[in-house]
**Q** 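Dropping a structure here in structure tokens format, bear with me for questions.
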Amino acid sequence: MNFLECRRLLISTLSPVHVGCGEDYDPTRYVIEDDTLYEFEPGAALAALTTQDRDQLLKIVSSPANDRMLQQVQAFFYHRRQALISTASRRVPVGPKMVAFYQKRVGKTVQVEGDGSQLLNRLEIERTFFNPANGVPVLPGSSLKGAMRTALLDAINAGQPLPGQENNLAMQQRLFQYREFEQDPMRLVQLADALFQDGEGVGSELRFAVNRRRKPPKPGERSAQSQAEQRGLYQLLECVPTARFRAFAGRLTVQRLEGVTDRRDRLPATDLRWNVSDIAAACNRFYRPQLEAELKQMQERGYLDANWVAVLGRLLDGPVGERLNRNEAFLLRVGRHSGAESVTLNGTRNIKILLGKDVETGKQRLEYRSTGTSWWLAAGDIQDRAGMLPFGWLLVELHPAESESPDWPETREILTGFPTEYTAWIERERQRTRQRAETEARRKAEEQARQQAAATEAALSPEQKAIAELRRWFEEDRAAKRKEPGGRLANRLNDLLKDGLSWPAAERETLAQLAEAIYGYLDWSGKKKQERKAKIQLLRQGAT
């Protein structure tokens, strides 16, 4: 009997995904130009700067470490961004509204407080979980497993409310029937980190996270706002883009314990030893109704990108929906701003809602509800009220671990057919990459030609070197359409016609032919025509 059931997971993003890692793109280590964020390493940046620039930077960072110093550092790098771009260790797509947002704020104060103190623009961008070796995104196995755990707990709980004041840990121990770690049924479920597989792009883009109220405005009310929106709160997040077909690949392994016993009772309960199909079914029962309800509610408020809604509809009503029904694939929601409904169990939700401060006491008012009052949405601009997307939705395919995964052409076509700023950036970056490669190839060819010319010239005799130099000057003047009868070319030729009288015959003939070409270009006519012809004839005869 095989005690391990393994499946290969191919994961597509249905919406932007941000899994926090505790690291930021620091505004003193990146610049934004055109449609791209360029992150640079300090050492490479210093090497790209002039000595004068490095001295100025040292002077800035030697001042007291406060907001003003950080502001000056931001401005310093921004104004030298062209020198830094070539040193970039990572490039990330940026939408036009975020570019304008950055340009307006970099190295500047956002406002002045009533006491006269200045607030610095905070331009830190929270990174999504990434592979430190190459910077591309990773979906941590712990995040995927946590989402599966929530779905399995919900399936067992079956919508029942919490008994009394039971806390989260006690609830999980009751539903999963364990006291010790060895008895936790999720111990039998192992998930590797899902690694980036997308051959195009860099795997991430920048998004604003904005808060929008769920409840529709009251009659006569122009636009109801959430408390976060009223306070102007937003976040800058790096996200895995939406609609990336099979962007990640991972592995799900479930231990099978049929017939295994333990006298010390350290094994999970027999009825909680799931197989892969059980896990997929639980995830679909939990997450699919949430996705469909969220689509309906957000669309009613006019928040969502209409084309994206159409794409999701085609998927759920078409081939993906059929595969979800057969548990050949399942939905998951992971990462930041997944929403309270996706991380809590049906029937147990008790979400703390802040209601603002009490007018009389000044104390914060709050209450607990079964649903939230707002959504955090991925937006291109902090002012957006339409064309936005929810965070965190994934489509997970199940395939045999050891065989080649079959293509899902319908799903591929639907997802890749959805136009996004990210796909447009990929095409622009592909063109820029070609241009950079062509420029570098030309530079190398020119350098190689220069080195070969230098090597050839080094082997020439003094006479041959003088002729080569004169020929080069002639070619430069002719290319520039420059005719200067009294310029360096004519003067140098006149000198060589004298010095060359004692040269070997072959070099004298080469110089004579070159002199005829030069004078022909400068114009033979005039009083000195006969004189020049005589000099050339004398050169051919040589010194007597």
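None of the values given here were measured: they were computed from a predicted structure. Both backbone and side-chain heavy atoms feed into the values below; hydrogens, waters and symmetry mates do not.
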**Q** Would you say S15's side chain and G392's backbone share a donor-acceptor pair under 3.5 angstrom?
**A** yes
**Q** Please determine whether a side-chain nitrogen of the Lys or Arg among E39 and R29 lies less than 4.0 Å from a carboxylate oxygen of the Asp or Glu.
**A**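 Not counted as a salt bridge, because no side-chain N and carboxylate O are separated by less than 4.0 Å.
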**Q** Test your reading of the model: is there a side-chain donor-acceptor pair from R246 to the backbone of L10, 3.5 Å cut-off?
**A** no
**Q** Please confirm whether F77 and Y30 have ring centers closer than 6.0 angstrom.
**A**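 Aromatic pair excluded; centres sit 6.0 Å or further apart.
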**Q** Say whether, by atom type as modelled, one donor and one acceptor occur between the side chain of R7 and the main chain of R251 under 3.5 angstrom.
**A**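 Checking the backbone N and O of R251 against the side chain of R7, no donor-acceptor pair under 3.5 Å is found.
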**Q** Donor-acceptor check, side chain of R532 to backbone of K529, threshold 3.5 angstrom: yes or no?
**A** no
**Q** Going by distance alone, is a donor N or O of one side chain under 3.5 Å from an acceptor N or O of the other, for Q235 and H18?
**A**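 Side-chain D/A pair, Q235 to H18: absent.
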**Q** For F474 together with Y521, are the ring centres under 6.0 Å from each other?
**A**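 Yes, the ring centres sit under 6.0 Å apart.
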**Q** I'd like to know whether the aromatic ring centres of F101 and Y234 sit less than 6.0 Å apart in this structure.
**A**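 Yes, the ring of F101 comes within the 6.0 Å limit of the ring of Y234, centre to centre.
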**Q** Can you check whether R492's main-chain N or O pairs, donor with acceptor, with D495's side chain at less than 3.5 Å?
**A** no
**Q** Test your reading of the model: is there a side-chain donor-acceptor pair from R212 to the backbone of D384, 3.5 Å cut-off?
**A** yes
**Q** If the threshold is 4.0 Å, N to carboxylate O, is there a salt bridge linking K535 and E531?
**A**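 E531 and K535: salt-bridged.
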**Q** Does R80 make a cation-pi contact with F76, if we ask for NZ or CZ under 6.0 Å from the ring centre and within 45° of the axis?
**A** yes
**Q** Nearest 0.5 Å, what's the CG-CG distance between L206 and L236?
**A** 8.0 Å
**Q** Checking the side chain of R8 only, and the main-chain atoms of A249 only, is there a donor and an acceptor separated by less than 3.5 Å?
**A** no
**Q** Could you check whether any side-chain N or O of S204 sits under 3.5 Å from a backbone N or O of V240, counting only pairs where one atom can act as donor and the other as acceptor?
**A**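 No, because the side chain of S204 does not come within donor-acceptor range (under 3.5 Å) of the backbone of V240.
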**Q** Ring centres under 6.0 Å, that's the criterion: do F130 and F196 meet it?
**A** no
**Q** Output the distance between atom CZ (R90) and atom CG (N134), rounded to the nearest 0.5 Å.
**A**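 Going from the CZ atom of R90 to the CG atom of N134 covers 8.0 Å.
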**Q** Tell me if a side-chain donor or acceptor on T36 pairs with a main-chain N or O of R91 at a distance below 3.5 Å.
**A** no
**Q** Please determine if R488 forms a cation-pi arrangement with W473, meaning its NZ or CZ atom is less than 6.0 Å from the six-membered ring centre and no more than 45° off the ring axis.
**A** yes
**Q** Answer yes or no: is there a donor N or O on one side and an acceptor on the other, between the side chain of N491 and the main chain of G486, under 3.5 Å?
**A** yes
